[in-house]
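Okay, so here's the structure we're looking at.
When a ligand or atom number is given, it counts from 1 through the structure's own listing order. Since the model is a prediction, treat every value here as computed from it, not as a measurement.
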Amino acid sequence: MVEILTEKCIGCGQCLKECFPNCLSIVDGKACANDMCIDCGHCYAVCPTNAINLPEQSEEGVIEFNNSKPTIDSELMLNFIKSRRSIRNYKDKKIPIQTMEHILQAGRFTPTGGNIQDVHYIFIQDNLETLKKMVWDGLNTILADPERVNSIQERYRIILQNLWEAYSNGTGEDRLFFNSPALLIVNSNSALNGGLASSNIELMANSEGLGVLYSGFIQMALSINPAACEYLNITPDQIKSCMLIGYPNVSYRRTVPRKPTNIQWM
Ligand SMILES: Cc1cc2nc3c(=O)[nH]c(=O)nc-3n(C[C@H](O)[C@H](O)[C@H](O)COP(=O)(O)O)c2cc1C
């Protein structure tokens, strides 16, 4: 919950206007907060005298704007989003931990409903081979269960059966993990919180020269395998995305066409 540094507060009331849960008031010329606070930090961001503390949050990475808020050219932004591709071919190169820490800051600063900040990451690089085995076990469980197999759309069922055949025969390339050096698992109670963080992380990874592939197949196979969830110390419903990540070993010549935006103006 927010703390007001009364010696700095000038009672200007700007924080009150920003406060979404309406937990601030002015008493004796100073701001004061009640326990409805969600720690969103809007009061912190707007305060002209820096009179706000958020003791449950970390100030690491906070930027002072000093009249120049960072901006990005909108065409550059859109072109960057358009240039993102799912990467299915990676260089044999490890990701430095510092690079990954930097990329995950994009998740940390992504919004969450009620500012709950319930997104948790598992980065697997050193133990990827151990996890791969568990994913393949999960896939085998799915394919051995007619009820589960039949619930999968035909085109994906055929892909999965071919993937398993190539793996179990030791033939062909691994088109489940491709040759990515690492896997990032994004966990949350909320699909939207986890998805939003994943998307920002993907763009941030691109800005670091890395590429990502969301793998629904890996997510499905992991979620089905209790041994994998125990190993990762998560429950299956927490997994919101599984992202293969590494340095792309492919360069694209252009962006791709898409269906027109489906929008209803009202
Ligand atoms: C939620 C989600 C799950 C996906 N699962 C897989 C997968 O299991 N295997 C795969 O090769 N691609 C997977 N993809 C990648 C999509 O096929 C890809 O995003 C789509 O074909 C468009 O290509 P692009 O990402 O390069 O624009 C997934 C993408 C998303 C968003």
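- Interface of Arg88 with ligand 1, defined as ligand atoms under 4.0 Å from a residue heavy atom, comprises 10 (C), 11 (O), 12 (N), 15 (C), 16 (C), 17 (O).
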One pair to check against side-chain contact (heavy atoms from CB on, under 4.5 Å): Asp174 and Trp136. What are the steps and the verdict?
CA-CA 11 Å; Asp174 172 359; Trp136 285 112; 3.6 Å; yes
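- Below 3.5 Å of separation, one finds an N or O of Phe217 facing an N or O of ligand 1.
- In this structure, Thr112 contributes its side chain and Asn193 its backbone to no donor-acceptor pair below 3.5 Å.
- Near Arg258, with a cut-off below 4.0 Å to any heavy atom, the atoms of ligand 1 are 22 (C), 24 (P), 27 (O).
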Between Tyr214 and Glu202, does the side-chain contact (heavy atoms from CB on, under 4.5 Å) criterion hold? Intermediate values first, please.
CA-CA 9 Å; Tyr214 290 105; Glu202 182 182 26; 3.3 Å; yes
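- Distances shorter than 4.0 angstrom do not occur between any heavy atom of Met220 and any atom of ligand 1.
- Of the options Val62, Val2, Asn53, a side chain to side chain contact (heavy atoms under 4.5 Å, CB included) to Tyr44 is made by Val62 and by none of the others.
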side-chain contact (heavy atoms from CB on, under 4.5 Å) between Phe178 and Ile87, worked out
CA-CA 9 Å; Phe178 298 90; Ile87 300 301; over 6 Å; no
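- Within the set Phe178, Tyr214, Tyr156, the minimum heavy-atom distance to atom 28 (C) of ligand 1 is found for Tyr214.
- Counting heavy atoms under 4.0 Å from ligand 1, residue Leu213 touches it through the side chain alone.
- Taking only nitrogen or oxygen atoms, main chain and side chain alike, Gly216 reaches within less than 3.5 Å of ligand 1.
- Numbered from 1 in the order shown, with element, the atoms of ligand 1 that lie under 4.0 Å from a heavy atom of Ser215 read 5 (N), 6 (C), 7 (C), 8 (O).
- Using a 4.5 Å heavy-atom threshold, the side chains of Asn189 and Gln238 count as touching.
- Within the listing of ligand 1, atoms 24 (P), 26 (O), 27 (O) sit less than 4.0 angstrom from a heavy atom of Arg85.
- Atom 18 (C) of ligand 1 has Ser86 OG, 3.4 Å as its closest protein atom, hydrogens excluded (heavy atom only).
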For Gln125 and Lys94, run side-chain contact (heavy atoms from CB on, under 4.5 Å): C-alpha distance rounded to whole Å, both residues' side-chain angles, the deciding distance at 0.1 Å, then the answer.
CA-CA 8 Å; Gln125 181 160 249; Lys94 292 244 177 198; 3.8 Å; yes
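- Residue Arg175 places every heavy atom at 4.0 Å or more from ligand 1.
- Here the side chains of Asn187 and Tyr121 are not in contact, with every heavy-atom distance at 4.5 Å or above.
- Atom 20 (C) of ligand 1 lies below 4.0 Å from none of the non-hydrogen atoms of the protein.
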